[in-house]
Q: 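One structure, as structure tokens, below. Some questions next.
Note that ligands are numbered from 1 as they come in the structure, with each ligand's atoms numbered from 1 the same way.
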Amino acid sequence: MSRVPKLRVCVVGSGGREHALAVAIARTADVVVCDGNAGMSALGVRCVAGPPESLDADLFVIGPEAPLVDGLADRLRAATGRLVLGPGADGARLEGSKAWMKAVLAEAGVPTAPYQAFSAAEPAIEFLRSLPAPWVVKTDGLAAGKGVLVTDDLSEAEADVRAKLSGRSFGDAGRRIVIEQGLTGPELSVMALCDGRRAVPLAAAQDFKRAGDGDMGPNTGGMGAFSPVPGADRELVDQVIDKAICPTLEALQNRGIDFRGVLYAGLIMAPGGASVLEFNVRFGDPETEVVLPRWEGDVAGVLAAAAAGRLDEVDPPQFSAQAAVCVVLAAPGYPLTPETGDPIAGLADAARLVEVYSAGVGPAPSGDGLVTAGGRVVALTGLGPTLEAARHRVYDAVPAIAWRGLTYRSDIAAVASAL
Ligand code: GLY
């Protein structure tokens, strides 16, 4: 009897999100991560050096936004003729330019906060002063998730406008900015897998963007997440698909854009309904670290179907009743000035207790052991029958890992697990 060969999947990227993708994909496929990191290798994931164009795979899954905005998906499709999950540079512009994203949302009739885009300080500040608090100032271009200021302090917002537009704080990414009225309410992340024409939702998650407990401190790439989210039932997720994801996909189609990848809607649950704060064109990080462990079945097959434009030929993703809570362990000084190069102890010990997803981890210069090599170093995910159980599980595992100045939030999922 002949056996169908396993799909060969290459996950492109080197963070915790790519590690979580690799683990879920490996349930049914052969997987390599390009470039990955030393922590992933230590935990048994096959990592290979790039560029991805030089590798052979049946399916490429591109994790981070920067290579998507830079056209990696286009190059891979042209050079290899293989399946690629990730939009071309045209669709990735949705994340690469906040002003363009807002224009697409407006055209598509997707609910979003009032905004304007600026390249000069005086009109920007005039607009800022016309809005009620809180104020939101975003770099138009990519800034590794750190280009957004949300503040109740008008003088801080004005100073941020000047720093961004002058190029002082984020270089060229900030020479154009989007100012919008801040909306308040609980946040929700809904990711949908798109095949150009169709979209299917993944389980909803909640992300914690601020560095400190109680949502204090600067914005980060994300300090933790949990899934499922109480109150974000299937009906609510379907509403997000109908009112935000599908209209956006259609607006992209109207522009001739064949979007095959993940549309990630960052939402705020305002009193009048959900409103889109941002769209990303990839899996969220750390949302992936709580959603993928809950995804049951053939993850690789569904991702391949999306990349092939054939989501109608596979069963939609199903998620276990288990709860997942992820806590990001970061380097001291993250996100402003992360200090790296410190020896890491206990990675394998923690992996015996919870899911460990390696991000900013590098080889020790001596060749023996691992050191911190980025701001977000490791993401730990605990699973359990309830959010409370999953939360206990992950926080109980944190002391297994150590490096100098290790920092993390102690309130991930605290409010939700007490509901
Ligand atoms: N967790 C937010 C993001 O992935 O952009």
Q: Can you list the atoms of ligand 1 that are under 4.0 Å from a heavy atom of Arg282?
A: 3 (C), 4 (O), 5 (O)
Q: What I want to check is whether the side chains of Glu156 and Thr151 have a donor and an acceptor closer together than 3.5 Å.
A: yes
Q: Mark up the atoms of ligand 1 that fall under 4.0 Å of a heavy atom belonging to Glu287, in ascending order.
A: 1 (N), 2 (C), 4 (O)
Q: Gly221 heavy atoms, cut-off 4.0 Å: which ligand 1 atoms fall inside?
A: 1 (N), 2 (C)
Q: Do Leu303 and Ile25 have side-chain heavy atoms sitting under 4.5 Å apart?
A: yes
Q: In ligand 1, which numbered atoms sit nearer than 4.0 Å to a non-hydrogen atom of Asp207?
A: 1 (N), 2 (C)
Q: In plain terms, say whether Asp238 and Lys243 are close enough for a salt bridge, that is, a side-chain N and a carboxylate O under 4.0 Å apart.
A: no
Q: Taking only non-hydrogen atoms of Tyr264, do any sit less than 4.0 angstrom from ligand 1?
A: yes
Q: Tell me whether Ala225 reaches ligand 1 (any heavy atom closer than 4.0 angstrom to a ligand atom).
A: no
Q: Quick check: Asp285 and ligand 1, any N/O pair under 3.5 Å apart?
A: yes
Q: Can you tell me how far CG of Leu387 sits from NE2 of His392, rounded to the nearest 0.5 angstrom?
A: 11.5 Å
Q: So is Gly284 close enough to ligand 1, meaning a heavy atom under 4.0 angstrom away?
A: yes
Q: Would a 4.5 Å heavy-atom cut-off, applied to side chains only, mark Met101 and Arg93 as touching?
A: no
Q: Between Arg376 and Asp285, does any side-chain N to carboxylate O distance fall below 4.0 Å?
A: yes
